[in-house]
Q: 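Can you keep this structure in mind? I'll have questions shortly.
Every heavy atom of this structure was used, including side-chain atoms; hydrogens, water molecules and symmetry mates were not.
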Number of protein chains: 2
Amino acid sequence: MREAGWCYGKLRRKGFRLTSPRQAILDVLAQNPRHLSAEEVFLLTHKSHPGIGLATVYRTLNLLTQVGIIRKFDFGDGRSRYELTAEEEEEHHHHLVCIRCGRIINYSDFMEKEKKFIKDLEAELSKKYQFKINSHQIYFYGLCKECQ
Amino acid sequence: MREAGWCYGKLRRKGFRLTSPRQAILDVLAQNPRHLSAEEVFLLTHKSHPGIGLATVYRTLNLLTQVGIIRKFDFGDGRSRYELTAEEEEEHHHHLVCIRCGRIINYSDFMEKEKKFIKDLEAELSKKYQFKINSHQIYFYGLCKECQ
DNA sequence: ATAATAATGAAAATCATTATCAACTATCAT
DNA sequence: ATGATAGTTGATAATGATTTTCATTATTAT
Ligand SMILES: [Mn+2]
Ligand SMILES: [Mn+2]
Ligand SMILES: [Zn+2]
Ligand SMILES: [Zn+2]
């Protein structure tokens, strides 16, 4: 679970504040380790903090994405979805996207091999394209168990 | 360059027709090997076929994506972008996305290693999650040469 | 405390994408 | 050929996620 200190530092360092609405939204994301849309975050936040508006949710999600506290995904269902950035190496994962029912599966298998593959690739790419890599996303598209 | 026969078959097989608007849109995609948005496709198509409407462009892009003739991407700029599916193995590539200026770089380095990595991963995932993989996308996010 | 700056909620605006609908067209069985 | 059937289209309206605006409030620095 992400604790306040970490986020506080990450925000303050760039001149932002860790306000009560932002806290509440972070709590919701921490307690719902799924792939929440902005509206879902709003509804969940609304239960304990009815005063927080949808615009603030959008603003906060953008801000947290900017500073790297959360990560933004597009799984093709017409809305962005968000997830707390993995703190520990073990939590790092990627996604299987069912092209029929939309189900999203997290997987973190083969991370040893991936780490090696990505590391080599990053070295090659940053040399060849002078591109400084921050992060990556891998998506597999196909049919889930129920949809085949 | 993609020739008509291939697309014709791919469409007819599922009961769709290769009409003149669809031809025109395919031509635009073939002659502009970039990552075009729907509106860009519309504007380019409009030059030679002023009668084709934006709705038809959207419909066609969705259809071509469905049957696998083109591929849909989200690079985070708020609109979907499209690209003809690689015919030959050599054209298979992934993307570097600059998080500052939005530039997209195609890369196809390390494809040997990728092929091996993906193949192992697919075997593992389809065994563990009963997931049948059709395709994959890899994104690297960071800063391009000009933006560092 | 005071001033400067950041953040907020409510509402309106934006903008990409989709749905509607009537007219048109290819395909296929008769 | 003929007509029935199903696919396609352009124009337009509608949708829906996200952003912007703006007046107000909260936080920080001096
Ligand atoms: Mn996930
Ligand atoms: Mn590309
Ligand atoms: Zn499924
Ligand atoms: Zn750049």
Q: Assuming nearest nucleotide by heavy-atom distance, tell me which of S37(B) and Y8(B) is located more 5' along DNA chain C.
A: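 Counting from the 5' end, the first nearest nucleotide belongs to S37(B).
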
Q: Taking atom C1' of dA17(D) as reference, at what distance in whole Å does atom CD of E39(A) sit?
A: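 Between C1' of dA17(D) and CD of E39(A): 9 Å.
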
Q: Can you sort out the partners of E40(B) under salt bridge (charged side-chain N to carboxylate O under 4.0 Å, His left out), two or more places apart, ordered by chain and number?
A: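 By the salt bridge (charged side-chain N to carboxylate O under 4.0 Å, His left out) rule, E40(B) matches R81(B).
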
Q: Minimum heavy-atom separation for C98(B) to C144(B), with atom names?
A: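 Shortest heavy-atom separation between C98(B) and C144(B) comes out as SG-N, 3.4 Å.
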
Q: Could you tell me whether the side chain of T85(A) and the main chain of G68(A) form a donor-acceptor pair under 3.5 Å?
A: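 Indeed, once roles are kept as given, a pair shorter than 3.5 Å links the two residues.
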
Q: Return the OH to CD1 distance between Y141(A) and I133(B), rounded to the nearest 0.5 Å.
A: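 Reported to 0.5 Å precision, the distance equals 12.0 Å.
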
Q: Show every salt bridge (charged side-chain N to carboxylate O under 4.0 Å, His left out) that has at least one partner inside residues 14-23 of chain A, sequence neighbours left out.
A: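 Listed once each, the pairs would be none.
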
Q: Indicate whether OP1 or OP2 belonging to dT18(D) is found under 4.0 Å from a side-chain N or O atom of N62(A).
A: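 Answer no for this pair, as no side-chain N or O of N62(A) is under 4.0 Å from OP1 or OP2.
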
Q: Out of Y107(B), F140(B), F75(B), which one pairs with H95(B) under the ring pair (Phe, Tyr, Trp, His ring centres under 6.0 Å) rule?
A: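 The residue from Y107(B), F140(B), F75(B) that satisfies ring pair (Phe, Tyr, Trp, His ring centres under 6.0 Å) with H95(B) turns out to be F75(B).
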
Q: Among T65(A), I69(A), I25(A), L64(A), whose side chain to side chain contact (heavy atoms under 4.5 Å, CB included) with Y82(A) holds?
A: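 Output: one option passes, namely T65(A).
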
Q: Taking only residues two or more places apart in sequence, or in another chain, which ones meet R103(A) in a salt bridge (charged side-chain N to carboxylate O under 4.0 Å, His left out)?
A: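 R103(A): salt bridge (charged side-chain N to carboxylate O under 4.0 Å, His left out) contacts with E146(A).
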
Q: For DNA chain D, which residues of residues 66-76 of chain A approach it to below 4.0 angstrom with any heavy atom?
A: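 By residue number: none to list.
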
Q: If I take atom CG from residue L125(A) and atom NZ from residue K132(A), how far apart are they, to the nearest 0.5 angstrom?
A: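 Going from the CG atom of L125(A) to the NZ atom of K132(A) covers 14.0 Å.
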
Q: List the residues meeting salt bridge (charged side-chain N to carboxylate O under 4.0 Å, His left out) with K128(B), not counting sequence neighbours, and say none if there are none.
A: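 In terms of salt bridge (charged side-chain N to carboxylate O under 4.0 Å, His left out), with neighbours along the sequence ignored, K128(B) is linked to D109(A).
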
Q: Checking all strands, does S80(A) fall into the base, sugar-phosphate, or nothing category for heavy-atom contacts under 4.0 angstrom?
A: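 S80(A): backbone/sugar contact only, no base atoms under 4.0 Å.
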
Q: List the residues meeting salt bridge (charged side-chain N to carboxylate O under 4.0 Å, His left out) with K113(A), not counting sequence neighbours, and say none if there are none.
A: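 Residues passing salt bridge (charged side-chain N to carboxylate O under 4.0 Å, His left out) with K113(A): D120(B).
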
Q: Got a sec, which pairs hit salt bridge (charged side-chain N to carboxylate O under 4.0 Å, His left out) with one end in residues 55-67 of chain A, sequence neighbours left out?
A: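 Residue pairs passing salt bridge (charged side-chain N to carboxylate O under 4.0 Å, His left out), neighbours aside: none found.
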
Q: Which nucleotide of DNA chain C is the first, and which the last, in the 5' to 3' direction, to come under 4.0 Å of a heavy atom belonging to chain B?
A: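 Range of nucleotides touched by chain B: dA16(C) to dT27(C).
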
Q: Taking the axis from the first five pairs and the axis from the last five, what angle separates them in the helix from dA1(C)-dT30(D) to dT30(C)-dA1(D), rounded to 10 degrees?
A: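 The end-segment axes of the helix from dA1(C)-dT30(D) to dT30(C)-dA1(D) are tilted 40° relative to each other.
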
Q: Short question: side chain of R79(A), backbone of S37(A) - any donor-acceptor pair under 3.5 Å?
A: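 No, R79(A) side chain to S37(A) backbone: no donor-acceptor pair under 3.5 Å.
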
Q: Who are the side chain to side chain contact (heavy atoms under 4.5 Å, CB included) partners of E114(A), not counting sequence neighbours?
A: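 Per chain and number, E114(A) pairs via side chain to side chain contact (heavy atoms under 4.5 Å, CB included) with H92(A), H94(A), M111(A), I118(A), H136(A), I138(A), F117(B).
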
Q: Taking atom P of dA17(D) as reference, at what distance in whole Å does atom OH of Y82(A) sit?
A: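 So the OH-P distance, Y82(A) to dA17(D), works out to 12 Å.
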
Q: Verify, without hydrogens or angle tests, whether K10(A) (side chain) and V67(A) (backbone) share a donor-acceptor contact under 3.5 angstrom.
A: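 Yes; judged by distance alone, with no hydrogens or angles, the pair exists.
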
Q: Please give, in whole Å, the distance from dG7(D) C1' to L18(B) CG?
A: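 From L18(B) CG to dG7(D) C1': 13 Å.
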
Q: Return the residues of residues 10-17 of chain A meeting this criterion: a heavy atom under 4.0 Å from some atom of DNA chain D. Order them by number, or give none.
A: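 Output list: R12(A), R17(A).
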
Q: Tell me, which of residues 43-61 of chain A have any heavy atom that sits under 4.0 Å from an atom in DNA chain C?
A: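 By residue number: G51(A), I52(A), G53(A), A55(A), T56(A), R59(A).
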
Q: Any donor and acceptor pair, going by atom type alone, linking the side chain of E39(A) with main-chain N or O of L54(A) inside 3.5 Å?
A: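 Judged by distance alone, no pair lies under 3.5 Å.
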
